[in-house]
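Reviewing the structure listed below.
This one's a predicted model, so the numbers in the text were calculated from it and none came from an experiment.
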Amino acid sequence: MSGTNSPEAVKKLLENMQSDLRALSLECKKKFPPVKEAAESGIIKVKTIAARNTEILAALKDNSSEVVQPFLMGCGTKEPKITQLCLAAIQRLMSHEVVSETAAGNIINMLWQLMENSLEELKLLQTVLVLLTTNTVVHDEALSKAIVLCFRLHFTKDNITNNTAAATVRQVVTVVFERMVAEDERHRDIIEQPVLVQGNSNRRSVSTLKPCAKDAYMLFQDLCQLVNADAPYWLVGMTEMTRTFGLELLESVLNDFPQVFLQHQEFSFLLKERVCPLVIKLFSPNIKFRQGSSTSSSPAPVEKPYFPICMRLLRVVSVLIKQFYSLLVTECEIFLSLLVKFLDADKPQWLRAVAVESIHRLCVQPQLLRSFCQSYDMKQHSTKVFRDIVNALGSFIQSLFLVPPTGNPATTNQAGNNNSAGPVSAPANSGMLGIGGGVTLLPAFEYRGTWIPILTVTVQGSAKATYLEMLDKVEPPTIPEGYAMSVAFHCLLDLVRGITTMIEGELGEVETECLTTTTEAVSSPTQSSSEQQEFQSTSDQMDKEIVSRAVWEEMVNACWCGLLAALSLLLDASTDEAATENILKAELTMAALCGRLGLVTSRDAFITAMCKGSLPPHYALTVLNTTTAATLSNKSYSIQGQNVMMISPSSESHQQVVAVGQPLAVQPQGTVMLTSKNIQCMRTLLNLAHCHGAVLGTSWQLVLATLQHLVWILGLKPSSGGALKPGRAVEGPSTVLTTAVMTDLPVISNILSRLFESSQYLDDVSLHHLINALCSLSLEAMDMAYGNNKEPSLFAVAKLLETGLVNMHRIEILWRPLTGHLLEVCQHPNSRMREWGAEALTSLIKAGLTFNHDPPLSQNQRLQLLLLNPLKEMSSINHPDIRLKQLECVLQILQSQGDSLGPGWPLVLGVMGAIRNDQGESLIRTAFQCLQLVVTDFLPTMPCTCLQIVVDVAGSFGLHNQELNISLTSIGLLWNISDYFFQRGETIEKELNKEEAAQQKQAEEKGVVLNRPFHPAPPFDCLWLCLYAKLGELCVDPRPAVRKSAGQTLFSTIGAHGTLLQHSTWHTVIWKVLFHLLDRVRESSTTADKEKIESGGGNILIHHSRDTAEKQWAETWVLTLAGVARIFNTRRYLLQPLGDFSRAWDVLLDHIQSAALSKNNEVSLAALKSFQEILQIVSPVRDSDKPETPPAVNVPVPVLIGSISGPGLNRPFVRTDSIGERLGRYSSSEPPIVTDELEDLNLWWAAWNTWYRIGSESTKPPVTFDKLTFIPSQPFLTALIQIFPALYQHIKTGFNMDDLQKLGVILHSAVSVPISSDASPFILPSYTEAVLTSLQEAVLTALDVLQKAICIGPENMQIMYPAIFDQLLAFVEFSCKPPQYGQLETKHIANAKYNQIQLFAPAEWVALNYVPFAERSLEVVVDLYQKTACHKAVVNEKVLQNIIKHSWTLFRKLFF
């Protein structure tokens, strides 16, 4: 108070005092001389004090009794003017704090007298207030007297005085308690020893209290006494008191000074022992009262509730609960139970209204609610207070709908003098009028004809009461319709908001603490003491969390049933968008909270309610009717003993219909309607799933099922990537959408997509729940789509795709369930369903392969194989459309990822190879396109171990008979592959050997034998062998073009690249590839059909030489045999050192013999050509005379190395390397083993025997003749005889008379064979020409070679001369006696002119013109005899005699 202590202020005070005293003296001069004298002496006193003291104010205070005395005497005069002057002067002294305790007591006594005389009442009150607020000198009796004075003035007959006194009392009471608080503050640092409590009482002696505290105690105690209508202990002199005023004072003290009661045991005692019993006692009329059929609204008799007291009691109760709950646990339980009872339907409306306002005050204090739960609901044998409060609210709301309000006129327009603070009620029918008149519809709840308006009663989160604040009302107010409902509605919303915010906040703190502790535990240095501390703190935290969690769960468990019942009813009844939004938000937050706490039943119940709200009324959705939570919706709750039905959505709600669509059902049904509220619920559901997906768990099933049905009704259809876009309904009545919902659809579609995009933020467990729910939904959709062609619901499949795409960063954890299900979808009979299954699956695979994984796929082979595996699994599906999708996917993968497939190649190639022959041309074509891309672009990038698979796949396409071009092109691909093997041979060989070693090691570790085709050939050779084997298979394909192309390619490949094989591998080539092929070709050729083929498909005409299957196979046999023979010829240096060459030689000769003896001129002639080819072989060079250059010097370069056109290709295969270079490896590292002469000779003798068998079999005349009799052709016989000279060169050393005899027989028989009249114009010379046929030339050449060999041969060979002469002379005889060919009738050439031969019937055979042949034979005889006449054998065998004899015979026949 520096202002009153300053010298100027003190000086002014002294002046004012003197002036006041002078004025007093003047006023009392005539009437009151004693007062005048006292005033004058007072002036002197003041002057003296001022003159003598430096501390003037202190001196004034010490002498204040004397200084104040003149003014007190002035008041005693009871003259208004004088009294006013004196009171003003006294107030001035008080304000400068210069009044001592004694003086203050005197002043109060004087004021009391004035009060009793009813003088200057307002001034008195003012003086008391100044005295008590500026000083702390008034205590005990003086204070109580001052307070009583104010109370007494409150009960005067003057309203102004009454009101002023009431305000003064309130202020004085506040001042008393403020003094106590200040006193506590001053003594805060002094530790006070608590006095031991005597006996059983909680009460401490009042004498221990400090002065201000004692005053406050006495005052509060007397207020309780007064309210209870008992005599006060301290406030002596009270004459009158009202309960209402007393309760107000009690409330203000309790509300403003809670710390006083909490910190001082004496005051706590007062609360428990005085206030609570008082409140309970005063509540008694309200508890017992039951409202009858009609209730007067006038002030009630004692036994009826009295509004002013009841309302004030509720205010006191609110304060007690809010501020002193911890002190008054038991008492609060009683208060809360009373509050709940006041909501009963049989209580007056005003009582229910103030009770619901009181409950609202509690609902905005979540910590308090938490305390209730801990203190009551979680204790055994205790009232479940928190649950009861919530249930009571639910029951209250339901009762407002189900019971018509009583006690109030329903249509009243008054709110009872509540001015702007109270809401104005709306007429009950205003909602209807609004609809009729086109006026904006009032916000309201409407249920089964009951219309309740929604009033704006408070702002969110605060409990601003209307009727609890009506302290001036004596009569119960009229409650507007809808007010109680609106407050109860806000109670629910604030309750939900409060507890969810509180629990989620605490949950967040716990999670943060746990995280911090874990982090610290990981990073902190390992010291034993700190470890122990940390362990302790961690365990403390865990204990704290367990306790907290128990409370949270109990709170939710206690309130969810009542909340859900009330919110569901309100949701159904709401006609206001904002109210609906609030209800849905409450349900959403509760569902999310339950989810976070793991309370499945309650979570599912709230979600079910939202789901039901999203769908049309009575919509048959199985999932919502079978869940445990949903059982609630069909049963009644028992809340506070009342059976209240859980309300099902009513169909008569006045909601705007925004969409009409088809329900998603197996059987076609009528249309269903969606309202704006349904759409609002749907958005909330989306919001829930989007923001709280992590806690939905198994209830994803509910959410997604509902969304699926809504999406269906709205006609949203999946598009690329799984997003849903508006589309037309496929069948039934078209979906009808209002403009409002049309603009909403893209938004809904967007939110839906964002919902599944946000799944990337879910934890792994939640993501699995989502995937499982989608799979389960999809299974239902699949079941629904069975057996009909109706458009299926693709929601689940589309969303599985979307979820997979956004979770690529952790695709491993969901890949198997995701793709496993989509594979099932791909097998569905409904084409649209499976098409989307395949679309989703292939999109996921492509996305998975292109995604930037960490680590990349190249370093994570397991993941790559996992991603590609479903692609392989699609191969087991028979639907062509799925396989086409699969192959298109493969093609796209190859185009985008082909370079980095690595270990995934076997799977990709397997997909191409899995295409079967019967799967349609387009599939085969697409698969083949993939293969072509692989062969042209990706062979170098794939692991060498996959090359064999490429060969197998290419081979399998060759065997497909759907499209000839593909088969031919695949053979071309095999040639390209062989080319690649050749060019990259060393690299491939190294890699394969390395892989082989690794596999061998694994096999040994497992104790198994390594199993692969063509084992034990080296891996690179095995690759070649697989290629040869594949081509070998194609060589026996049913189609001639394929056989021809494959055969050419096989022999070209072996010819061009065979030298790359290890020496030992040739054994396999010969036996497993070539001979195996020859066997199959021979078998097919001999069993081929002889029936004529009209055309080769389409309009292609077939040449007569190929117009039967037999003829077509003949071509194959020719090609195959020629190829094998050529290999034997060109690769003999490789083959002969193999152990069983002689056996192979025999087999080859056997094949040549079979072919030569076949009844087909083409084959038999070709066989002989092959025979000729193998006889041109040069014997291997011995080591001694081996030249310096590689052995290729001695090998004639085969024709094949020339320019042979490849199948299906337009370029010749020209080898750039020389055979010599290719053979270098064998000459240096593996010199061929030289066989001995004897073995070589055996081979030729085997050839001789074969030649003899062919000759004797083919020239032997048939027993019977008919049109189909086969007679060997002249070219065949010519070729056969022409073989002998070459063969003879190898066997001449061992050629004996027996062999000569055999030769003679064959030569004789061959010359004897007639020719067909068809062929004669091409073979026979004209009659005028004396020319030999080729056959006759060949026969004479054979004998010439023989005689020349005998001529230079050893002596023992010359015995053969006579046999040769005999043979020649036999030929000479043919001129007059042509040989007979069995029983065949022939026309002689001499019997017809040349130009007539063409007229012969086709069945006729023509004998040759033997005259030139006989002449030439005779000439040979003459020449030979000239050379050999002297030889012993010629002389001994009488050769000359024979010649003359034959000549004479011939002469005789010719001329006689």
Side-chain angles (χ1 to χ4, degrees), residues 440-441 443-446 567-589 591 606-621 623-624 648-664 670-692 702-718 723-729 733-756 793 795 798-799:
T440 309
L441 192 64
F445 292 115
E446 184 187 359
L567 290 172
S568 299
L569 170 58
L570 289 172
L571 178 62
D572 188 47
S574 171
T575 60
D576 176 51
E577 192 175 329
T580 305
E581 195 60 44
N582 283 327
I583 296 163
L584 289 169
K585 191 175 178 187
E587 288 187 345
L588 181 145
T589 48
F606 280 105
I607 291 173
T608 303
M610 284 187 272
C611 292
K612 288 200 160 186
S614 305
L615 292 164
H618 317 301
Y619 191 86
L621 182 50
V623 72
L624 296 182
S648 61
S650 59
S651 51
E652 67 239 28
S653 67
H654 300 280
Q655 284 289 321
Q656 179 198 359
V657 174
V658 292
V660 178
Q662 288 283 99
L664 177 55
T671 53
V672 287
M673 289 180 284
L674 286 179
T675 63
S676 51
K677 192 194 289 183
N678 293 142
I679 302 294
Q680 214 175 340
C681 293
M682 180 187 185
R683 281 178 167 235
T684 306
L685 210 51
L686 285 166
N687 193 6
L688 169 77
H690 184 69
C691 302
H692 305 287
L702 296 168
V703 175
L704 295 175
T706 308
L707 290 175
Q708 171 178 249
H709 282 260
L710 287 165
V711 158
W712 180 266
I713 296 167
L714 290 169
L716 291 172
K717 299 283 183 283
L724 296 166
K725 299 276 186 271
R728 296 208 166 277
S734 296
T735 302
V736 180
L737 304 171
T738 61
T739 320
V741 87
M742 279 303 285
T743 54
D744 255 6
L745 277 187
V747 180
I748 290 170
S749 166
N750 241 339
I751 299 171
L752 266 170
S753 287
R754 282 211 307 277
L755 159 59
F756 291 92
S793 171
F795 173 84
K799 294 309 167 189

T706/M682 under side chain to side chain contact (heavy atoms under 4.5 Å, CB included): CA gap, chis, key distance, verdict: CA-CA 8 Å; T706 308; M682 180 187 185; over 6 Å; no
S749 side-chain N/O to L745 backbone N/O, donor-acceptor pair under 3.5 Å: no
Flag, side chain of D576 to backbone of A444, donor-acceptor distance under 3.5 Å: no
Rounded distance (nearest 0.5 Å) linking atom CG of L755 with atom CG of L688: 9.5 Å
Shortest non-hydrogen contact from F795 toward L704: CE2-O, 3.6 Å
Closest approach of E587 to F606 (non-hydrogen atoms, all atoms of both residues): O-CB, 4.0 Å
Distance-only donor-acceptor check, side chains Q708 and S793, under 3.5 Å: yes
CD-CG distance between E577 and L584, expressed to the nearest 0.5 angstrom: 10.5 Å
Euclidean distance, L685 CG relative to L707 CG, rounded to 0.5 Å: 5.0 Å
side-chain contact (heavy atoms from CB on, under 4.5 Å), paired with L710, selected from L674, I679, L686: L674
Listed once per pair and sorted, the side chain to side chain donor-acceptor pair (under 3.5 Å) pairs that draw on residues 679-690, sequence neighbours left out: E581-Q680, R683-D744, H690-S758
Side chain to side chain, H709 and P616, heavy atoms closer than 4.5 Å: no
K677 side chain to S574 backbone, donor-acceptor under 3.5 Å: yes
Side chain to side chain contact (heavy atoms under 4.5 Å, CB included) assessment of L570 paired with F445: CA-CA 7 Å; L570 289 172; F445 292 115; 3.7 Å; yes
Test side-chain hydrogen bond (donor to acceptor under 3.5 Å, both in side chains) applied to T675 and N678, step by step: CA-CA 5 Å; T675 63; N678 293 142; 3.2 Å; yes
Criterion side-chain contact (heavy atoms from CB on, under 4.5 Å) against I583, the qualifying member of D572, L571, L588, L569: L571
Residues K799, S753; criterion side chain to side chain contact (heavy atoms under 4.5 Å, CB included); working and verdict: CA-CA 8 Å; K799 294 309 167 189; S753 287; 4.1 Å; yes
